[in-house]
Amino acid sequence: MIGRTRFRGRARHVFSLGFLLLSLAPPAVAQDVQPLIDEGRAAAQQDQNVQARDLFEQALTLDPARRPELLREYADQLSYTRQAEEAIPLYREALTANLGGEERARAQTGLARALSWTGRHEEAADLWQQRQDADPSNQEARRGLREALVAQARAEAAEARPAEAAALLERAMAADPSARAGLLREYADQLTYGQQAGRAIPVYDEAIGSSGISPEEQALTRRNRAFALLWSSDPQAEAAWAELAAEDPDDAEAAANLRALRAQAPSAPRRRAAPARVDAPTPARPSAVPLLTQADDLMTSGRAAEAVPLFRRALDIPLTPDRRREALLGLARAQSWSGDNAGAGATYDALLAIDPADAEARRGQAMILTWTGRSAEGQRIFDELLVADPGDNAARRGAAEARMYQGRQREALRLLSPLLVQDDPEAQSLAARAELWRGRPDRAVPLANAALEDRPYDTGAADAAREAARQLRPRTDLTLALSRQDNGLQTVTQELRHRVFFNEGRSSAAVVEQLSHLRHDTGDVRVLTLGISGTHAWDEDLALEGSLTAARINSGGQTRVRPLFDGALRYQARDELRFDLFTSRSLFDDRSSVAAGVTMTTLGLGAEVQGVWRLALRGGLGFVSDGNRRLFAEGAAERQVPGLPVFLGLRHSYQGFTRPDRSRGYLNPDWIHTTALTARFENELAHGWTFGADGSAGYEWQTDQSQPVWGAGLWVRYDANDRASFSADLRHQDSAALAGAQGFWRTTGTFRLGLRW
């Protein structure tokens, strides 16, 4: 009879799990996705690319048969949200389908654009050329071809292949004559470096005579022309350098070249028949320009790591102080944007060693401090810059971001508010992240979309929009926990939780099913728990969360049902101060007390203060169903080690029971104090992988004994994509016995799979 009861309970559990999973699975029959498609196209027309991308993705998931029709549009939205690499194979797939003329042209254009944005300029140029050949009046194709050819040319120039670079620039000017004036100087430079200085001189002359050239560009063009005259032994070289020396008496380079020319030809121009380039100084300045230009282009196209060696090569060339500062600033930015924060910090230090008052270098240094776990130091520098110049918007944004990393989102948003009124896209991007980090995806999305309209390459805004959308998707968590104790108790717990979000993410509701099996020599206990849970945030200050469940306990052929609950009302008084009011009714984690159905109802208060130190206080009173009472309190302090993802702290806890003589198996001392030092570490191993460890060691005092205690944990998390994540946690607790005391230990492994639908 008991066997049949257990079988029926097991069968009901399996059936309920299967029913819930089937209810979550996408239907096999395609749904009508036209409303999603229409909404996605409307969002795309309004440049709301993140929203459009997600809508097309949902439509493709629900109705795969419409893939050929939607693939190009979906790939477009991926490209516009900085996912061009993922878009390329989709464009290629679309082009293999039997597309109509206009749709095929759009797919080719999209593929060419994505190839350009991912640095595949040669392939992009071939596609743009096809588009221009098919439609010579296509302005986008003309511009795209020119940009791809120029990017190729700059890559060749960076690799010291001037002849190839010049040929590509010549082709670019022919493809788009409207851009000729802006490319003349660069084309002439490559001719000069390729030992064709004679051909370069008339090109320099054309560039100098063209309209619309800036004074800075004209000055650089005249200087490079003077070098070309010098290298080609042209009689006009002396006059060109004399003119430059007269305009700036402090121009040491012009004076040196002029002296060299006059020394070679003291009396008559005919002496210039001998090559002047042999004795002339090496013209350093022109060769640095294409390197810096190419490096800047790589930076703006999101390829900062490739820009680093170009900036370094430019710095190996003798430069004027201003040009050297420009190259160092570029190198520091490229290093930080490519993840080398230590290298960027050293470069900013080098700049500040030259000029400690360099505001741009100080801002960069403060940003690196912020990103490397020293946000308080970074904030101090930003605040000083902002006091010195209240109009320094870059410092204002930096001061806000430093506060964001300290959890002070409200302060950050207050600092950004003057810039948000001005629709500053960088401020909008930061504000989107701040709103997301304080649990307001409803506010984060419009801010992120507004930033992306002006800055489609803004990864921070794109990530905020993507994360906000991800947080609003229904979530299912499957958890398996395995535990073993010193007394031989083994516990296996399986849990299924499915949560949906509404009210723009401010509210959620979930169904919960949990099965626990406690195995021991004295008998097994099974607990099946079913219930619901939910959360609601009225605003960023006040939020409520809780659950209501029923536990069915089966032990020794007897069945008991116990209603359980937990809830917490959280009030965020300030960024750095939060109060909690909490209550719960729960089972103990001991086999005997669980078998007897003993529960404890708890009422308590908590507070947390965030600053240089994080302080947490928690305490309350528990009422045990057997008539016992428990008083508990805990305080903890923790601080981050500057510059490291390591946190050190101290924790002290107390608990005492009014009836230590009454025991149903649960821990029931008269009183017990525990003090321990704590440490934890968290860091990213690789893309999507995060690793952490924590530990504690201290001492425990009881009425009749004392003993050392320690604990340690390791965990790893893998975010496969926006929809799936996996985590594993291994934890051990130990109270080592002293003076013959029994002691206690427990080891637990937990595995969790999370799915977003």
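Each residue takes its place number in the sequence, starting with 1.
- Look at D541 and R570 and you find no salt bridge, because none of the NZ, NE, NH1 or NH2 atoms lies under 4.0 Å from a carboxylate O.
- In this structure, R560 places its CZ atom where more than 12 heavy-atom neighbours from other residues, nucleotides or ligands lie under 6.0 Å away.
- The shortest heavy-atom contact between W371 and S336 is CZ3-CB, 3.9 Å.
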With side chain to side chain contact (heavy atoms under 4.5 Å, CB included) as the test, would you mind laying out the steps for V716 and T690 before giving the verdict?
CA-CA 6 Å; V716 64; T690 309; over 6 Å; no
Chi angles and distances behind the salt bridge (Lys or Arg N to Asp or Glu O under 4.0 Å) call for D54, R466:
CA-CA 9 Å; D54 292 342; R466 188 181 301 113; over 6 Å; no
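- Between R746 and D734 there is no salt bridge, since no side-chain nitrogen of the basic residue lies less than 4.0 Å from a carboxylate oxygen of the acidic one.
- Residues L569 and F579 fail the side-chain proximity criterion, which asks for heavy atoms closer than 4.5 Å.
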Run the salt bridge (Lys or Arg N to Asp or Glu O under 4.0 Å) test on E634 and R618 for me, step by step, so that the C-alpha distance in whole Å, both residues' side-chain angles and the decisive distance to 0.1 Å come before the verdict.
CA-CA 5 Å; E634 181 177 84; R618 186 177 175 90; over 6 Å; no
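- Evaluation of the ring pair (Phe, Tyr, Trp, His ring centres under 6.0 Å) rule for F632 yields no partner, not counting sequence neighbours.
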Side chain to side chain contact (heavy atoms under 4.5 Å, CB included) for V594 and V527? Distances and angles first, verdict last.
CA-CA 9 Å; V594 171; V527 183; 3.7 Å; yes
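- With no hydrogens or angles considered, no side-chain donor-acceptor pair links R519 and T491 at under 3.5 Å.
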Could you check T522 against R591 for side chain to side chain donor-acceptor pair (under 3.5 Å), going step by step and ending with a plain yes or no?
CA-CA 9 Å; T522 57; R591 191 207 68 83; 3.1 Å; yes
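- Between F501 and R756, the shortest heavy-atom contact is CE1-NH1, 3.5 Å.
- Annotation: side chain of R403 is not in contact with side chain of R410 (no heavy-atom distance under 4.5 Å).
- Contact of the S735 side chain with the E700 side chain is registered, since non-hydrogen atoms from C-beta on lie closer than 4.5 Å.
- A donor and an acceptor atom, one from each side chain of R752 and T479, are located under 3.5 Å apart.
- Two residues are said to be in side-chain contact when any heavy atoms from C-beta on lie closer than 4.5 Å; L518 and L489 meet this criterion.
- Of the options T675, L631, I672, a side chain to side chain contact (heavy atoms under 4.5 Å, CB included) to Y654 is made by L631 and by none of the others.
- R717 is not listed as a side-chain neighbour of W689, based on a closest heavy-atom distance of 4.5 Å or more.
- Side-chain contact annotation: S696 with T678, donor-acceptor N/O pair under 3.5 Å absent.
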Using the rule given for side chain to side chain donor-acceptor pair (under 3.5 Å), can you reason through S375 versus T370, listing the C-alpha separation, both sets of side-chain angles and the distance that settles it, and then say yes or no?
CA-CA 4 Å; S375 54; T370 298; over 6 Å; no
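- Side-chain N or O atoms of S625 include one that pairs as donor or acceptor with a backbone N or O of T599 at under 3.5 Å.
- Separation of the Y405 and W437 ring centroids falls under the 6.0 Å cut-off.
- Shown here for S593 and Y666, the closest heavy-atom pair between the two residues is CB-CD2, 4.0 Å.
- In this structure, R680 forms a cation-pi arrangement with F647, its terminal cationic atom sitting closer than 6.0 Å to the ring centre and no more than 45° off the ring axis.
- The pair R408-E576 fails the salt-bridge criterion, with no side-chain N (NZ, NE, NH1 or NH2) lying under 4.0 Å from an Asp/Glu carboxylate O.
- The closest donor-acceptor contact from the side chain of H517 to the backbone of Q490 lies at 3.5 Å or more, if one exists at all.
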W671/W701 under side chain to side chain contact (heavy atoms under 4.5 Å, CB included): CA gap, chis, key distance, verdict:
CA-CA 8 Å; W671 58 264; W701 293 269; 4.1 Å; yes
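- With sequence neighbours excluded, the residues satisfying ring pair (Phe, Tyr, Trp, His ring centres under 6.0 Å) with H652 are H673.
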Show, in sequence, the C-alpha distance, side-chain angles and deciding distance for I532 and V512, and conclude whether the side chain to side chain contact (heavy atoms under 4.5 Å, CB included) test is met.
CA-CA 6 Å; I532 58 172; V512 183; over 6 Å; no
With side chain to side chain donor-acceptor pair (under 3.5 Å) as the test, would you mind laying out the steps for Y571 and D580 before giving the verdict?
CA-CA 6 Å; Y571 174 59; D580 296 339; over 6 Å; no
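- Of all the heavy atoms in R475 and G754, the pair that sits closest is NH2-CA, 4.0 Å.
- How far CD of E608 is from CZ of R578: 5.0 Å, rounded to the nearest 0.5 Å.
- Rounded to the nearest 0.5 angstrom, L603 CG and T583 OG1 are separated by 4.5 Å.
- Taking all atoms of both residues into account, the shortest heavy-atom contact from A468 to V445 is CB-CG2, 3.5 Å.
- To the nearest 0.5 angstrom, R585 atom CZ is 10.5 Å from T549 atom OG1.
- Between F691 and L714 there is a side-chain heavy-atom pair separated by less than 4.5 Å.
- By the 6.0 Å contact criterion, CZ on R499 is enclosed, its count of non-hydrogen atoms from other residues, nucleotides or ligands being greater than 12.
- Across A402 and F382, no two heavy atoms sit closer than the pair CB-CD1, 4.5 Å.
- Taking CG from D463 and CG from L436, the interatomic distance works out to 10.0 Å, rounded to the nearest 0.5 Å.
- Side-chain contact check for Q610 and Q406: no donor-acceptor pair (N or O, by modelled atom type) lies under 3.5 Å.
- For the pair L730 and T748, the minimum side-chain heavy-atom distance is 4.5 Å or more.
- Checking T658 against N628 by side-chain atom types alone, a donor-acceptor pair falls below 3.5 Å.
- Salt bridge annotation for R380-D383: absent, with no cationic side-chain nitrogen under 4.0 angstrom from a carboxylate oxygen.
- Between the side chain of Q409 and the backbone N or O of M404, at least one donor-acceptor pair lies under 3.5 Å.
- Looking at R433 and E401, a side-chain N of the basic residue comes within less than 4.0 Å of a carboxylate O on the acidic one, giving a salt bridge.
- The distance from atom CG of L648 to atom CH2 of W613, rounded to the nearest 0.5 Å, is 8.0 Å.
- Rounding to the nearest 0.5 Å gives a distance of 12.0 Å between CZ of R614 and CD of Q640.
- Between the T61 side chain and the E57 main chain, a donor and an acceptor come within less than 3.5 Å of each other.
- W715 is linked by a ring pair (Phe, Tyr, Trp, His ring centres under 6.0 Å) to nothing, counting only residues two or more places apart in sequence or in another chain.
- Side-chain contact of S547 with D566: a donor-acceptor pair under 3.5 Å is present, judged by distance alone.
- Salt-bridge check for R526 with D524: failed, with every basic side-chain N at 4.0 Å or more from each acidic carboxylate O.
- Side-chain contact between T674 and Y699: absent, with no pair of heavy atoms (C-beta onward) separated by less than 4.5 Å.
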